[in-house]
Amino acid sequence: MPDEVHPRPQLVRPGWQDLGGVWDFAFDDDDAGRTREWFTRGRARDEAYDRTITVPYPPESRLSGVHVTEPHEIVWYRRDFKVGEVEEGHRVVLHFGAVDHEAMVWVNGRLVGVHEGGQTPFALDITDLLDDFGPAQRIVVRVKDPIADGTRARGKQDWQDEPHAIWYHRTTGIWQPVWLEVVPPVHLTRLHWTPHNAAASVTCEGELSAAAAGGTTVRVRLRLGEETLADQSVWVDGTAFRFEVSVAALRHGEDRGRLLWSPEQPVLIDASVDAGEDAVRSYFGFREVGVADGRFLLNHVPYFLRMVLEQGYWPDSHLAAPSGDALRREVELIKELGFNGVRVHQKAEDPRFLHWCDRLGLVVWGESAAAYEYSSVAVSRYTAEWQEIVRRDRSHPCVVAWVPLNESWGVPDIASVPAQAHFASALYHLTKAVDPSRPVISNDGWEIADADFHGVHDYTPSGASLRARYGDADSLRRTLESGRPGGRRLLLDSGGQAAVPVLLTEFGGLSYAPGADEKWFGYSTVRDEEDFAERLAELVSAVLGSPELAGFCYTQLTDTEQERNGLLTAAREPKLSPDRVRAILRRPAAAVAPEEVSAHRPEGH
């Protein structure tokens with residue numbers, strides 16, 4: 001497969017048109033653009049767009065060509081484009097990967113749609129607004145991104161003018177690909193896969209744009225390389241469908257392993273789906289996850305998670321990836337360092353990143369940017385966007401867990417205000433309702449409500465402290481019941497939690513000591529490279545030495561602006577030799593039996 005990955009990698013049609021590149025751009029601090037009709041043609045409107053921007057990079061970033069970091073809550077984009085030949089009856093659909101935060105879209109002066117939520121995609125059928133499919137089509141996008149509004153999911157984008165503490169520069173407006181595709185009158189709009197290894201099947205679930213007269217035949221063909229695994233058709237009367245595709249090759253218990261996905265053996269099943277005139281390519285992995293007996297399970301076998309915190313932030317492009325290749329390289333770097341997983345932190349990552357995790361082999365904990373204020377409005381906004389995130393990403397085999405809340409952000413009084421605890425529990429149950437195939441933790445770090453596992457954040461600087469808190473069953477029980485490593489109680493209700501897996505999901509945070517005038521944030525400092533390696537080994541060895549912990553997530557992969565506690569610099573240069581880091585991270589874990597390790601080795605290794 002070429003490195004240029006489709007912006008929606010699990011529902012691909014050939015011939016899509018990338019609309020990235022140079023667009024006209026304007027700030028609108030007075031919110032005058034709608035009144036003055038900047039979405040229409042005319043000389044006065046042309047003069048309003050007084051600069052250009054390179055899409056999909058946010059205007060705060062260098063790669064955008066704008067590089068204005070001061071707050072501007074309303075921005076406008078404009079671009080002319082050509083559609084080309086469109087077959088009779090076919091539709092032209094305009095896609096946005098993500099626009100932070102409220103988007104209004106006009107085509108040829110007419111409003112075609114709006115979308116709220118800065119992390120999720122939306123699509124607009126613009127066919128009826130095109131001018132004879134000629135070369136002079138025009139898109140205009142207005143984006144509003146209220147910086148101080150704590151009810152919106154902003155994650156670690158700073159609400160102050162300049163970055164402080166652990167928060168960094170903002171990402172306003174378009175920050176993921178914008179693209180066009182031409183589709184048949186009846187076409188697939190959603191496609192999801194849920195594997196069932198023991199049942200030797202996979203659930204194919206999808207939606208059609210419209211119900212065809214007389215129904216639609218949906219045909220699914222599954223292949224592993226040149227081997228055909230399934231070829232099945234169903235008749236769909238309506239727009240939504242869900243059916244089981246039988247895969248006979250999974251029934252052979254001793255041969256099944258060659259089909260199963262894991263980080264050590266990232267086997268992907270290629271899928272082609274025909275729905276009437278529509279034909280798309282997709283993929284999935286035969287991979288099941290769960291928890292039992294205090295362990296995380298991958299394909300029903302205990303699997304020790306060695307993860308790293310990844311904020312997906314680049315100095316020159318902020319939350320937008322500098323290129324598709326950069327997303328692939330990020331996954332390669334994580335694996336080279338010795339991790340088998342990544343916790344994407346305070347961000348719903350670009351689907352192309354998830355594609356490379358699928359293809360190269362890396363498990364992912366799915367998270368969202370946080371809101372910071374609790375209210376009924378915040379609840380409504382957050383649940384709507386969170387459901388979009390889960391629906392977008394739930395077919396990726398790499399995604400093995402959902403984390404809707406982090407460290408009580410957005411529910412700051414969860415321990416004393418019942419409504420906030422109910423919201424955290426509701427997010428747990430809502431997530432399980434939308435996707436029952438994965439474990440969920442309501443609130444990672446502390447003050448945990450409903451959860452399939454407990455993720456604890458503990459930045460103690462010494463291995464001795466980690467051993468005292470997590471080194472054996474009694475120590476771990478005391479820590480969960482009365483410990484406060486983050487200054488807050490860990491569990492809102494400690495009853496009935498004995499068999500729930502516990503992971504140290506943030507720890508470490510080692511940083512070189514800052515210079516006198518250096519803007520810096522970190523948790524613990526080291527003197528030099530040798531001290532860094534020794535301290536890293538001390539902390540990781542303490543975690544690996546615990547027979548009770550089911551895994552860890554080290555903070556963090558890269559430096560992020562003034563947060564200088566990465567294993568890599570912000571430019572992705574290693575602070576320690578990757579081989580040296582890998583040797584530290586891949587030491588045997590006391591919680592893993594030898595037969596569990598061999599169960600996840602690729603065949604022939």
Exercise. For S64 and S61, indicate whether the former's side chain and the latter's backbone hold a donor-acceptor pair under 3.5 Å.
Key: yes
Self-check item: Short N-O contact, D128 and R91, less than 4.0 angstrom
Solution: yes
Quiz item: Between D393 and R438, is there a salt bridge with N-O shorter than 4.0 Å?
Solution: no
Exercise. Measure up the W159 and W167 rings against each other and bin them: parallel (under 30°), tilted (30 to 60°), perpendicular (over 60°).
Key: perpendicular
Practice problem: Would you kindly say whether T52 and W23 are connected by a side-chain donor-acceptor distance under 3.5 Å? | Solution: no
Practice problem: Consider only side-chain N and O atoms of H169 and D158, and report whether a donor and an acceptor are under 3.5 Å apart. | Solution: no
With a 3.5 Å cut-off and sequence neighbours excluded, list the donor-acceptor pairs that the side chains of residues 443-451 form with protein atoms.
unit_1: N443; atom_1: OD1; unit_2: E407; atom_2: N; d: 3.3
unit_1: N443; atom_1: OD1; unit_2: S408; atom_2: N; d: 2.9
unit_1: N443; atom_1: ND2; unit_2: S408; atom_2: OG; d: 3.1
unit_1: N443; atom_1: ND2; unit_2: W446; atom_2: O; d: 2.9
unit_1: N443; atom_1: ND2; unit_2: E447; atom_2: O; d: 3.1
unit_1: D444; atom_1: OD1; unit_2: T505; atom_2: OG1; d: 3.2
unit_1: D444; atom_1: OD2; unit_2: R343; atom_2: NH1; d: 3.3
unit_1: D444; atom_1: OD2; unit_2: R343; atom_2: NH2; d: 3.4
unit_1: D444; atom_1: OD2; unit_2: H457; atom_2: NE2; d: 2.7
unit_1: D444; atom_1: OD2; unit_2: T505; atom_2: OG1; d: 3.0
unit_1: E447; atom_1: OE1; unit_2: S408; atom_2: OG; d: 2.5
unit_1: E447; atom_1: OE1; unit_2: R488; atom_2: NH1; d: 3.0
unit_1: D450; atom_1: OD1; unit_2: S425; atom_2: OG; d: 2.4

Exercise. Give a yes or no on whether a salt bridge exists between R391 and E388, defined as a side-chain N under 4.0 angstrom from a carboxylate O.
Key: no
Self-check item: Value rounded to 0.5 Å, distance of CD in E310 from CD in Q346
Solution: 13.0 Å
Self-check item: OG1-NE2 distance between T171 and H318, expressed to the nearest 0.5 angstrom
Solution: 6.5 Å
Quiz item: Can you find a pair of side-chain heavy atoms, one from W193 and one from P397, that are under 4.5 Å apart?
Solution: no
Quiz prompt | Rounded distance [0.5 Å steps], CD1 in I166 versus OH in Y168 | solution = 9.5 Å
Quiz item: What distance do E330 atom CD and L568 atom CG have between them, rounded to the nearest 0.5 Å?
Solution: 7.5 Å
Exercise. For the pair D149 and R381, find out whether any cationic side-chain nitrogen is under 4.0 Å from an anionic carboxylate oxygen.
Key: yes
Quiz prompt | Passing candidate, side-chain hydrogen bond (donor to acceptor under 3.5 Å, both in side chains) with D145, options R152, R154, H72 | solution = R154
Self-check item: Any donor-acceptor pair under 3.5 Å from D413 side chain to S416 backbone
Solution: no
Self-check item: Exercise: do Y283 and D358 side chains pair donor with acceptor under 3.5 Å
Solution: yes
Exercise. Could you please spell out the steps behind the side chain to side chain contact (heavy atoms under 4.5 Å, CB included) verdict for F353 and V331?
Key: CA-CA 8 Å; F353 177 85; V331 176; 3.6 Å; yes
Quiz item: Do NZ/NE/NH1/NH2 and the carboxylate oxygens of R78 and D46 come within less than 4.0 Å?
Solution: yes
Quiz prompt | Residue pair W365, V342: steps toward the side chain to side chain contact (heavy atoms under 4.5 Å, CB included) verdict | solution = CA-CA 6 Å; W365 279 22; V342 59; over 6 Å; no
Practice problem: Hey, can you tell me if W179 and H95 have their rings parallel, tilted or perpendicular (30° and 60° cut-offs)? | Solution: parallel
Practice problem: Identify whether the distance between the nearest side-chain nitrogen and carboxylate oxygen of E70 and R170 falls below 4.0 Å. | Solution: no
Exercise. Supply the atom-to-atom distance S368 OG to W402 CH2, rounded to the nearest 0.5 angstrom.
Key: 10.5 Å
Quiz item: Do L405 and Y382 pass the side chain to side chain contact (heavy atoms under 4.5 Å, CB included) test, and can you show the C-alpha distance, the side-chain angles, and the key distance before you say yes or no?
Solution: CA-CA 10 Å; L405 295 175; Y382 198 84; 4.1 Å; yes
Quiz item: Would Q17 and E181 count as having a side-chain donor-acceptor pair, cut-off 3.5 Å?
Solution: no
Quiz item: If you count the non-hydrogen atoms of other residues, nucleotides and ligands that lie under 6.0 Å from NE2 in H422, is the total more than 12?
Solution: no
Exercise. Report yes if some heavy atom in the side chain of F39 is under 4.5 Å from a heavy atom in the side chain of W76; otherwise report no.
Key: yes
Quiz item: So, are R190 and E205 salt-bridged, with charged N and O less than 4.0 Å apart?
Solution: no
Quiz item: Strictly by modelled atom types, are N565 and Q556 linked by a side-chain donor-acceptor pair under 3.5 Å?
Solution: yes
Quiz item: With no hydrogens and no angle check, do the side chains of T558 and Q311 hold a donor and an acceptor under 3.5 Å apart?
Solution: no
Practice problem: Please test K144 against H101 for side chain to side chain contact (heavy atoms under 4.5 Å, CB included), starting from the C-alpha separation and ending with a verdict. | Solution: CA-CA 6 Å; K144 182 177 181 180; H101 190 86; over 6 Å; no
Self-check item: Approximate separation, where rounding is to 0.5 Å, of Q10 CD and R392 CZ
Solution: 10.5 Å
